K.L.:
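Okay, here's the structure, questions in a sec.
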Amino acid sequence: MSKIMSFTKIALKNLVSKPATTSYPFEPKEYPERTRGHVVLDDDPCILCGMCMRSCPPGAIKVDRAGGTWAINGYDCIQCGYCVEKCPKKCLSIVPGYTEPSSEKTIQTVKVEVPPPPKPAAKPAAPKPAADKAPENKE
Amino acid sequence: MQDLGQDIIKLEKDEFLPEVQKKRNENWRLGQICCAFVDGTTYEVSYSFCKDLEVVHFRLEVGKDEEVLSISRIYDSAVFYENEMHELFGLNVTNMAVDCQDKLYRIKETTPFVKKEEK
Amino acid sequence: MNSIHKSPWLLHYDGSSCNGCDIEVLACTTPVYDVERFGVVNTGNPMHADIFLVTGGINTQNAEVVKQIYNQMPNPKVVLAIGTCACTGGVFKECYNIQGGVDTVIPVDIYVPGCAARPESIIDGVVKAVALFKEKSKDGDFVEVDEVPGDEEAETEETVAAVETEGGEE
Amino acid sequence: MMCKIITVVAFIILAPFIGGLLDGIDRKLSARMQGRKGPSVLQPFYDLKKLFDKQFLSVNKMQLFMVISYLIFMIVTGAMFFAGMDLLMCFFVLSTVVMFLILASSSTHSPFASIGTHREMMQMMSYEPMVLLTAIGFYLATGSFKVEDIIKMDKPAIIMLPGFFLGFVYILTIKFRKSPFDLSASHHAHQEIVRGITVEMVGPEFALTTLAEWYEYVFLLGIVGLFFVNSNPISYVVAVVVAFAAFFLEILIDNTSARVKWQLMFKLTWIISLVCGGVNLLILEYMR
Amino acid sequence: MENLITVLICAPIVMALIMALVSNDKVRGILTYLFGTVIAGLAVTVAVLWFKKGEVLTFDLPQTEIWDHAILVLEYVLMLVIIYLSVKAKKGIISVLAIVQTCLVTGLELFGPKLVIVRDHMKMDWLSVIMILIIGIVGVGIGIYAVGYMRGYHVHHSEVKDRRAFFFSIMFLFYGAMFGLVTSANLIWLYFFWEVTSVCSFLLIGYTQTEEATNNSFKALWMNLLGGLGIALAIAFAFTFIGSVDLYFIVKIASQYGNQYGLLIPIALLGFAALTKSAQFPFSGWLLGAMVAPTPSSALLHSATMVKAGVYLLVRIAIAMNGNTAGQMIYLAGGFTFFMASVLAISQSDGKKVLAYSTISNLGLIVGCAGIGTKETIWAAAFLIIFHAITKSMMFQCVGAIENSTGSRDIEDMQGLALRYPKLAFILMLGIAGMFLAPFGMLISKWAALKAFVDAPSTIMVLFIAFGSATTMFYWTKWFAKILGIGEKNEKDVTEGNEYFSMFAHAIMLLIAVTSLPIISIKVVEPYVKDVFGSAVPAISESNIWTMVILVSAIFVIPLITYGVARSVKHKDVMAYMGGANTGDNKNFVDAMGEAKELKVSNWYLDDWFGEAKLFKPAMWGGIAIILIFLGIVIGGAL
Amino acid sequence: MAKRSIVPFGPQHPVLPEPIHLDLVLEDETVVEALPSIGYIHRGLESLVAKKDFNEMAYVTERICGICSFMHGMGYCSTIEKIMGLEVPERANYLRTIWCEMSRLHSHLLWLGLLADAFGFEALFMECWKIREKILDMFEESTGGRVIFSVNKIGGVLKDMPAEMLADFMKRLDGMQKELKKATKVFMNDYTVKSRLEGIGILSKEDAIACGAVGPMMRASGIEVDMRKTGYAAYKDIDFQVITSDRCDSYGRCEVRIGEIFQSIEIIRQAIAQIPDTELSVMAKGFPKGEAFVRFEQPRGEAFYYSRANGTKNLDRMRVRTPTFANLPSLVKILQGAQYGDVPLLVLTIDPCISCTER
Ligand code: SF4
Ligand code: SF4
Ligand code: SF4
Ligand code: SF4
Ligand code: SF4
Ligand code: SF4
Ligand code: SF4
Ligand code: SF4
């Protein structure tokens, strides 16, 4: 039983009803809460143990113990969440909102102050900026 | 024939081709061929045959400089697997129906799964 | 080159991606994201394209292909690397057959990260690319890519050196 | 005479705008039929401007020369039609026009262009009989091949030519490059021959081809209208409405069918030409 | 005039004898130029002198008696020649045809009843003059071309025995016979010249003496003898029932009385004879087989001589076929042939074979026009004959020259000819454009024919034309497209000056003919039509013709301008698109094994649809059916 | 007088989103010879086992392909689970089943769309992909990713789908089913569509076995094999019939996949109704040692996973034999004598996934 133009009904219905198209980018997109957008570090609990660096499949995270920095290359991270799972301190989380496209592959670096284990910290840590708010951009 | 568990049946080289032919005659499909290079000395080559929901795996152990006979004259579709093994592992498969001359994937490295020194 | 502003035609090439990013690129053209709203046409023909979307990393075989397609596109043109693989090689960068991101063979203008890159992100990338056309002139920076650029520094030097003289047989 | 010149000038100046707008409407309506928002109706003009601004790359210089000739002769065809000249001659020149397009594409020695070229020829072979028959139909119905005489009849030609009209609308699908007969130069990207006949046309060259296509749109819809135009001024309104309806129908067909292969196209088109055109022709000749 | 015509007919025959004796190549060349010039001059003189008066002329040659007897004797000679040749080739059966018809005609002449109406043996009118000019100019052009061509031919084909003296001799004989044919009013004379052309073509086709050539030449012989039999029967009928062998008289009374008293039978038989000569289905085989001969003979057979004899005769008797069954037979056969041959041409890649099918197809159109037999169709037919003769001759010469230079006449090997051999390509493209493109002559004539068919009215012919034009377009277009592509530059062109002379002369003639179409119409074709029908209208209005002429100029001028524009545009050369697999030039791509592989782009030949294997037999049977059915009706109707 | 043309088809070709290359030898438009070549996507990811530990490999295998990403992750995890003798909790099995079937749904819809695109039916392509977006939304809501999910781990799954979510999904699937009925009718009944599918690319039952065809390709040649019937994950508890077709042509392949779309919805329905409440995963302790083959049914057919572990964190060998790899010989077979216009269509009827084929 062949028909010609059997799609007509659907086509005409589509023609008169509202298109399925989103209004992005004119209106922001709302993401479901589980969306894996990018990894953020809560630098407070981080001990710069480097577990995340070692477990990250593409090697997007660099933990510099000596320099006291934790850095992520958002252009290398595959949002797998393995670092989040592995972090012993549970200080990583993966949240909605993707790394913005840009013409440079910037690395976000967060200064992490780890209280040296033997002695208490010399200086009380000033309130740390959140990773995604004030990243230090480095090539 | 030696059963390694997991339905893997170890075959000696001389009983290999007749067994494969038998499978073909009984209308089994060729499921896959897989090569692994273990202990820096031997290739373990596994041939899987399927029929309906059944599966059996034949296992050949091949020394690194030994040759394996191609089954591509029994199963045409083995050509892809065998060329792949030759290109990636350097396994000597002889008498292939179609020899791609290591041009299946056209990679830069030779036999990346078996490092030069190892071979 | 503001005219491209309203009519960016794109060409998609799948380097060695896992399809994740490809189907997201394709999804951009389908009803829910419908990039044709912005005048984007998925041309499939390098000769007609303004924007080159590459997904996936670069391997031995596709390096030549990517270069060739790039060279076939008329100026002005921009290149978008879509997805983590195209940006850096991603999870596959340690594979024996992966050279790295797209920028190892042709100059990349915009990196769109994500694994897979989301349609929204791709749209953002295209919007940024379109903005770039304002800076690119028609004949000025025609770059013919012949050699695989080595390190970053050498790359810029080489591309400047390779500016083509225009005008065919005149 | 003055009137004719004005019409021709109007055609030459306005046709690209009408054609482009039709193209825009086509894209908008198609998008909506597909459940998308679609581009602005002015999009084709943006595209055209962009194409003219692009760098000109060329595989073979011969191509540009053919493409320009293609455009000019397309304009000539349309102008001849709107000047009220001989319809059959318009069609003959039209096939010369298509020749230029074919030569343009084949001059590149490109595999996809080549297949596109052959499909274009196949399309031409398929629709050509109906095109000729249409002109003959008008002649039989009105006693003249001349457009200026045809529009002076007291009755619209469609009364005598329903079969020819059907056949002509049918081949319009081929001429407009619409699915199911969008074989040689796919307006949709994902085709096996890439862009077929236009694959090697870059920037300005492609723009010229597009422009020629717009002229062709207007010319072909003019012929659709010709079936309805007569000495009654209202008929012009009817003609415009019908032309639009035909255009809408083509869009709908485009969006509700798969692209068939040339074999089926060829067979169907000849059969339909023979049945629609042939039967109508037979009846007209017996009525004489 | 009488003397002039005598010279026109006799001079070539004398020259033929001289040529047969010349074995030196140089001398032969010089003689050919000389004789050719003489013949062309004679033809032009005849035409000019005749035009001064511009009216129908009937006359007898001096010493008609002698001519009559000579022809009688020569007919027997011809018969003996045929018997000898066919027996030698073990095809003796063919000679039966010759014996029957010769005996029939000569028997009637010697022992038959006395003729009631005897008129002059010769007649000259506009049509004869057109034909004389075609033979004299186009035909001689081919002769001049042949000098260079045959030299090259024997260099390439060392296996073929050099019989050039014979070749040129036959060619000149051919001219003479053709001149005689188009001026004879007496059917017996006409029949004689007709037989001479048949034998000449047989000899030319068999020139190379290969097995294929011999077979094909005999095929041509028996088919044409079958046609001769048709004329012989027509003569017999005219002798016994009408009492006259004057062609014009027979036509006249047939057109007046229609199928009463069986007057249509000789017309139908003559028509049948013409069908064989003009290679309509089912008799197309001989013309296709004629391709084995060296190019000049193909050109001669296809354009100026032989096949034109057939359509000439048809146009002569056209008025007697208007609106009757004989006409139906002819126009159906013609229309059918036009369509089928153009369809078959699609599947051919041999350039000469495409030309052959195209000839058959175009002749079909002329035959169709003649079969309808109205003023407009005759107008169209006359123009078709003119344009076809010039264009086809030019194209054959061109393909021959291409074959000599490239070693192949296959269309696929003509890729990018425009860059490789610009001059030859120009000729070829002009020819192709001339064959089917608006606004060239063939198309104008076809247009006129179409209009005439609509008015006739003949639905079936309209449909044949509508569909046949579409297929015609397909095979020409793909050839055209091939020539214009990208190709290697700087190949050696071995074409000689005399070949180019002839080709360019043709090209110029073609352009003159196209641009002066309105003048030819007013001065030549319309008077002829008026003479035959009593009144004349051109099939397409004059304003349209002028528009066409303007378009012709446009089609040269516009591309010239755009070419200039295109050249001055700044551009950058790139490679053609090959999906990213290009190896760096436009000729190779990276293949599945990672190596460079040459790209090949070939035309479509659609063998499954239009191949000879598929369609040739049906076409034959279609032709046979049409002829048998209608001959049956004509003869049955008379009984 | 047919003359041959040689046409390079791909690697960049708009009708094939993925790069493969064919040397096509054509007579007019008839394919007289087709030589495929691959390697444009070959990455060599199986070799990554030497560089990544066996847990990380779960994330690498997911990225073998962005279409049935979930199944790749699951397949790989099952081999390790088998080697280590881990009992995956039932709820995880059910969740895996649901995600598998959702993957199949989105994959088949994607395929239908691309098929429509290959035969030039743009509106139908758009319709299929429009419907498909709804499944992607469900994926994103349940796993956080539209195409790559990262919810598999060795020993179970990482995320749960709460009952309300499942109920909501089911409701949406019911709605989708209606739309799908209308759209798939076009594939099955439309004259122009049928002219492109019927009798095109015949692969007889015998050839299917000889070429080692798998999945819908094989089932459309009348062979009733579906790995889900082996009862991995939760399939053992699900009642379903293997869908086959005896047509052996492209139409049959389309028919089978359309049947499976509705079947998938039905399987999800059953799974949601029966899903038990247990843990989501079991802990894997120590390093695996041993080897295991696992077979399961991806949208494109049967896939093989093989792991060989030596008791360290890096495996000796991991191997995937994906369905497309197995279907390549069938493709070569059906391309012979095809029409050029059907080439993309035939390539599509095996539902190629080159990315997983070349790894
Ligand atoms: S314990 Fe370690 S991770 Fe936690 S807050 Fe202190 S330093 Fe950071
Ligand atoms: S983020 Fe977590 S894993 Fe990474 S260094 Fe800090 S504490 Fe360690
Ligand atoms: S406790 Fe965890 S993070 Fe710390 S050293 Fe051990 S493995 Fe690394
Ligand atoms: S999400 Fe995955 S890729 Fe991204 S940083 Fe964490 S481990 Fe690395
Ligand atoms: S082509 Fe395929 S089906 Fe045919 S024999 Fe070879 S492998 Fe088997
Ligand atoms: S970035 Fe991720 S999704 Fe995209 S291609 Fe690479 S692995 Fe696939
Ligand atoms: S799996 Fe391959 S064929 Fe299918 S959509 Fe993805 S890229 Fe295309
Ligand atoms: S078969 Fe293809 S689509 Fe399916 S998971 Fe593998 S790679 Fe992906």
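None of these values were measured; they are calculated from a predicted model. In what follows, chains are A, B, ... by sequence order, proteins preceding strands, each numbered from 1.
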K.L.:
Quick check on the structure: residues of residues 75-83 of chain D within a heavy-atom distance below 4.5 Å of chain E, by number.
P.N.:
D:V76, D:M80
K.L.:
Find the distance between CG (D:L88) and NZ (E:K451) and round it off to the nearest 0.5 Å.
P.N.:
10.0 Å
K.L.:
Enter the distance from E:L443:CG to D:S95:OG here, rounded to the nearest 0.5 Å.
P.N.:
7.0 Å
K.L.:
Where does E:W609 contact chain D at under 4.5 Å (heavy atoms): side chain, backbone, both or neither?
P.N.:
side chain
K.L.:
Measuring only between side-chain heavy atoms, which start at C-beta, is D:M89 closer than 4.5 Å to E:W447?
P.N.:
yes
K.L.:
Classify the angle between the aromatic ring planes of D:F266 and E:F610 as parallel (below 30°), tilted (30 to 60°) or perpendicular (above 60°).
P.N.:
perpendicular
K.L.:
Measure distances from D:F145 to the heavy atoms of chain E and classify the residue's part below 4.5 Å as side chain, backbone, both or neither.
P.N.:
side chain
K.L.:
Which pairs pass ring pair (Phe, Tyr, Trp, His ring centres under 6.0 Å) with one or both residues in residues 448-471 of chain E, sequence neighbours excluded?
P.N.:
D:W270-E:F467
K.L.:
Non-hydrogen atoms of chain D under 4.5 Å away: do they reach the side chain of E:D455, the backbone, both or neither?
P.N.:
both
K.L.:
As an exercise, state the distance from OG1 of E:T471 to CD of D:E128, rounded to the nearest 0.5 Å.
P.N.:
10.5 Å
K.L.:
Please say which of D:M99, D:M124, D:M121 ends up in a side-chain contact (heavy atoms from CB on, under 4.5 Å) with E:M473.
P.N.:
D:M124
K.L.:
Drop me the distance from D:S114's OG to E:K482's NZ, to the nearest 0.5 angstrom.
P.N.:
6.5 Å
K.L.:
With a 4.5 Å limit on heavy-atom distance, are the side chains of D:M122 and E:W604 in contact?
P.N.:
yes
K.L.:
Could you tell me the separation between the OG1 atom of E:T459 and the CG atom of D:L133, rounded to the nearest 0.5 Å?
P.N.:
10.5 Å
K.L.:
Measuring heavy-atom distances to chain E, does D:L94 have an atom under 4.5 Å in its side chain, in its backbone, in both, or in neither?
P.N.:
neither
K.L.:
Check whether D:L132 gets within reach of chain E through its side chain, its backbone, both or neither, counting any heavy atom under 4.5 Å.
P.N.:
side chain
K.L.:
Measure distances from D:Q263 to the heavy atoms of chain E and classify the residue's part below 4.5 Å as side chain, backbone, both or neither.
P.N.:
both
K.L.:
Where on E:I483 is there a heavy atom nearer than 4.5 Å to chain D: the side chain, the backbone, both, or neither?
P.N.:
neither
K.L.:
Considering only heavy atoms, which portion of E:S458 lies under 4.5 Å from any heavy atom of chain D: side chain, backbone, both, or neither?
P.N.:
backbone
K.L.:
Answer yes or no: is there a side-chain heavy-atom contact under 4.5 Å between D:W262 and E:L606?
P.N.:
yes
K.L.:
Do the side chains of E:T477 and D:E120 get nearer than 4.5 Å, heavy atoms only?
P.N.:
no
K.L.:
Specify the closest pair of heavy atoms between E:V454 and D:E285, including all atoms of both residues, with the distance to one decimal.
P.N.:
O-OE2, 3.4 Å
K.L.:
Please classify the contact of E:I346 with chain D as side chain, backbone, both or neither, using a heavy-atom distance under 4.5 Å.
P.N.:
side chain
K.L.:
For a quick test of reading the model, state the closest non-hydrogen atom pair linking E:L463 to D:G278 and the distance between them.
P.N.:
CD2-CA, 4.3 Å
K.L.:
Between CZ of D:F91 and OG of E:S469, what distance do you get to the nearest 0.5 Å?
P.N.:
13.5 Å
